[in-house]
Enquirer: 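I have a structure here, written as structure tokens, and I will follow up with some questions on it.
If you're wondering where the values come from, they're calculated on a predicted model, not measured in any experiment. Numbered from 1 within each chain, the chains take letters A, B, ... in sequence-line order.
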Number of protein chains: 2
Amino acid sequence: MTTLGHVLLGLLARAPASGYDLAQKLKGPVDFFWQARHSQIYPELARLEQDGYVVVQHVPQTERPDKKIYRITDAGTTVLKAWVIAPVEVPVVRDELVLKAYCLWLAHPAAAIELFRAHAHHHTELLARYQRNQGWLLEQWATEGRRIDSPWFGSIASIQRGIGYEQEYAAWCRWMIEQLEQAISD
Amino acid sequence: MTTLGHVLLGLLARAPASGYDLAQKLKGPVDFFWQARHSQIYPELARLEQDGYVVVQHVPQTERPDKKIYRITDAGTTVLKAWVIAPVEVPVVRDELVLKAYCLWLAHPAAAIELFRAHAHHHTELLARYQRNQGWLLEQWATEGRRIDSPWFGSIASIQRGIGYEQEYAAWCRWMIEQLEQAISD
DNA sequence: AGAGCCATGTAACCGGTTACATGATTAG
DNA sequence: CTAATCATGTAACCGGTTACATGGCTCT
């Protein structure tokens, strides 16, 4: 089982969905830290079906192309539950911007400053989006009595990480800009 | 030109090195956010040589296997300098632990807590290592009058990001543990 | 008239990991 | 005697991206 397989099971454990639906959710960095294209999702769903972790329901449509709705099975839920508490390796981080910072002594500070301003802006925007989302999620969770076995808790946990991540990244960019501005003014 | 190519040029811009030396530096998450295996480094160095961005010096050794010392050329420095200030895409984040947090509503809190304790420990350790490294780097930088065109600045900039990253990750793990402990005690 | 959404797939490519291959020296 | 370090390479595999392929409906 690949990680993407677990991603799809994790989403289907919350609600049945089509490959298209899943592809929409995995388009951007929304809700949690994973992304995938439809070209990877469709074959993976076929594999999950072959393994018996999901079942398909063909839904003919007239005005739109036909759909295939996927549902998680008991077997799928079992493997997902086992996987959740199994140990994981820490992911390897590869960040080209940090690498550029490492080589920044070779560049004109004035030219480099633009680069970090753009990224500071991007991460600040994402942060704001996550924070808005968090507010809404907390409300939803409250209506269910803040139970840890509620899917809302999972969403909040992952968005919490996103907020911390973007906050820290934006702060680092601003720190870099400060350093570069100081170097220019000296 | 691949990103790994720029990584290698970035390292060779500081000091000549062999493929083995570079592989040692790129083994773990030291100094900055990149990793690579020797099986990827050796072919990449050959490509850089073909493109004229580095030159090789064969160093025969008697007690040890022969070496190939790589040096960056003027052409190599030129492309590296241009690359440093060129725009970059934000990297896609894929973190299996965050994904597990997203699915945590399916698990027993007591079993999940172990998982986050292990990761909290790991990130705290890495943080300490980065902080020790930072202290030493700041000293070195001070001896050069804290110039922004000093390689030490590059190292400090990237370690700064590492410190922020690990700090935030460890804090998130502790927050997760808190939530799970609260759920158990309730 | 053209862009964008709905909906599902396949195929080529590319970066990175794992494993295969060799062989001398040194430390436990 | 075994494991680790030095030193350089190749080959198979795998996950993810880009591009190819189709086709009707809706909004501007």
Side-chain angles (χ1 to χ4, degrees), chain A residues 1-9 11-12 16-29 33-50 54 56-70 83 88-96 99, chain B residues 1-9 11-12 16-29 33-50 54 56-70 83 88-96 99:
Chain A
M1 272 285 287
T2 62
T3 308
L4 179 62
H6 294 287
V7 172
L8 299 177
L9 286 183
L11 288 166
L12 293 173
S18 67
Y20 185 82
D21 295 336
L22 295 166
Q24 292 301 108
K25 274 187 193 154
L26 290 169
K27 237 183 196 171
F33 287 76
W34 208 269
Q35 287 189 39
R37 309 292 170 102
H38 76 270
S39 60
Q40 210 187 348
I41 292 167
Y42 287 119
E44 187 65 43
L45 282 171
R47 239 167 285 145
L48 290 174
E49 201 213 336
Q50 260 196 322
V54 298
V56 201
Q57 179 196 357
H58 291 263
V59 181
Q61 295 185 132
T62 50
E63 307 276 293
R64 303 240 154 270
D66 295 354
K67 264 192 202 199
K68 289 165 111 180
I69 302 288
Y70 290 87
W83 165 84
V88 217
E89 292 298 303
V90 291
V92 178
V93 182
R94 282 198 185 84
D95 191 326
E96 207 171 332
L99 177 64
Chain B
M1 272 286 285
T2 62
T3 309
L4 178 61
H6 294 288
V7 173
L8 299 178
L9 286 183
L11 287 167
L12 293 173
S18 66
Y20 185 82
D21 295 336
L22 296 166
Q24 291 302 108
K25 274 187 194 155
L26 291 169
K27 237 182 196 172
F33 287 74
W34 209 268
Q35 287 190 38
R37 308 291 170 102
H38 76 270
S39 59
Q40 209 186 350
I41 292 167
Y42 287 119
E44 188 65 43
L45 283 170
R47 240 168 283 143
L48 290 174
E49 201 213 334
Q50 261 198 322
V54 297
V56 201
Q57 181 198 352
H58 292 263
V59 180
Q61 294 185 133
T62 49
E63 306 277 293
R64 301 241 153 268
D66 294 356
K67 264 192 199 197
K68 289 165 109 180
I69 301 289
Y70 290 86
W83 166 83
V88 216
E89 292 299 303
V90 291
V92 179
V93 182
R94 282 197 185 86
D95 190 326
E96 209 173 330
L99 175 64

Enquirer: Which side-chain N or O atoms in residues 21-28 of chain B pair as donor and acceptor under 3.5 Å with protein atoms at least two apart or in another chain?
Expert:
| residue | atom | partner | partner atom | Å |
| --- | --- | --- | --- | --- |
| B:D21 | OD1 | B:S18 | OG | 3.4 |
| B:D21 | OD2 | B:S18 | N | 3.1 |
| B:D21 | OD2 | B:S18 | OG | 3.1 |

Enquirer: Between P on D:dT5 and CZ on B:R64, what's the gap in Å once rounded to a whole number?
Expert: 11 Å
Enquirer: Within residues 89-96 of chain A, which residues have any heavy atom lying less than 4.0 Å from an atom of DNA chain C?
Expert: A:R94
Enquirer: Specify the residues of residues 34-48 of chain A, ordered by number, for which at least one heavy atom lies under 4.0 angstrom from an atom of DNA chain D.
Expert: A:W34, A:R37, A:S39, A:Q40
Enquirer: Check A:L12 against A:A17 and note the closest heavy-atom contact, atom names and distance.
Expert: CD2-N, 3.6 Å
Enquirer: How far does CD of A:Q61 sit from CZ of A:R64, to the nearest 0.5 angstrom?
Expert: 8.0 Å
Enquirer: Quick one: bend of the helix from C:dA1-D:dT28 to C:dG28-D:dC1 from 5 pairs per end, to 10°?
Expert: 40°
Enquirer: Only distances under 3.5 Å count here; give the side-chain donor-acceptor pairs of residues 35-45 of chain A to other protein atoms, sequence neighbours excluded, each with its distance to 0.1 Å.
Expert:
| residue | atom | partner | partner atom | Å |
| --- | --- | --- | --- | --- |
| A:E44 | OE1 | A:T2 | OG1 | 3.3 |
| A:E44 | OE1 | A:R47 | NH1 | 2.8 |
| A:E44 | OE2 | A:T2 | OG1 | 3.3 |

Enquirer: At a heavy-atom distance below 4.0 Å, which nucleotide of DNA chain C is the first touched by chain B, and which is the last?
Expert: C:dG15 to C:dT26
Enquirer: Of all heavy-atom pairs between B:W34 and A:E96, which one has the smallest distance, and what is that distance?
Expert: CZ3-N, 4.1 Å
Enquirer: In terms of the nearest nucleotide of DNA chain D, which residue is placed more toward the 5' end: B:I69 or A:T2?
Expert: B:I69
Enquirer: Could you check how far OH of B:Y20 sits from P of D:dC6, rounded to whole Å?
Expert: 3 Å
Enquirer: Begin with the C-alpha distance, continue with both residues' side-chain angles, and end with the deciding distance and a verdict on side chain to side chain contact (heavy atoms under 4.5 Å, CB included) for A:R94 and B:T3.
Expert: CA-CA 10 Å; A:R94 282 198 185 84; B:T3 309; over 6 Å; no
Enquirer: Taking all non-hydrogen atoms of both residues, which atom of A:L48 and which atom of A:M1 are closest, and how far apart?
Expert: CD2-SD, 3.8 Å
Enquirer: Can you find a pair of side-chain heavy atoms, one from B:Y70 and one from B:L11, that are under 4.5 Å apart?
Expert: no
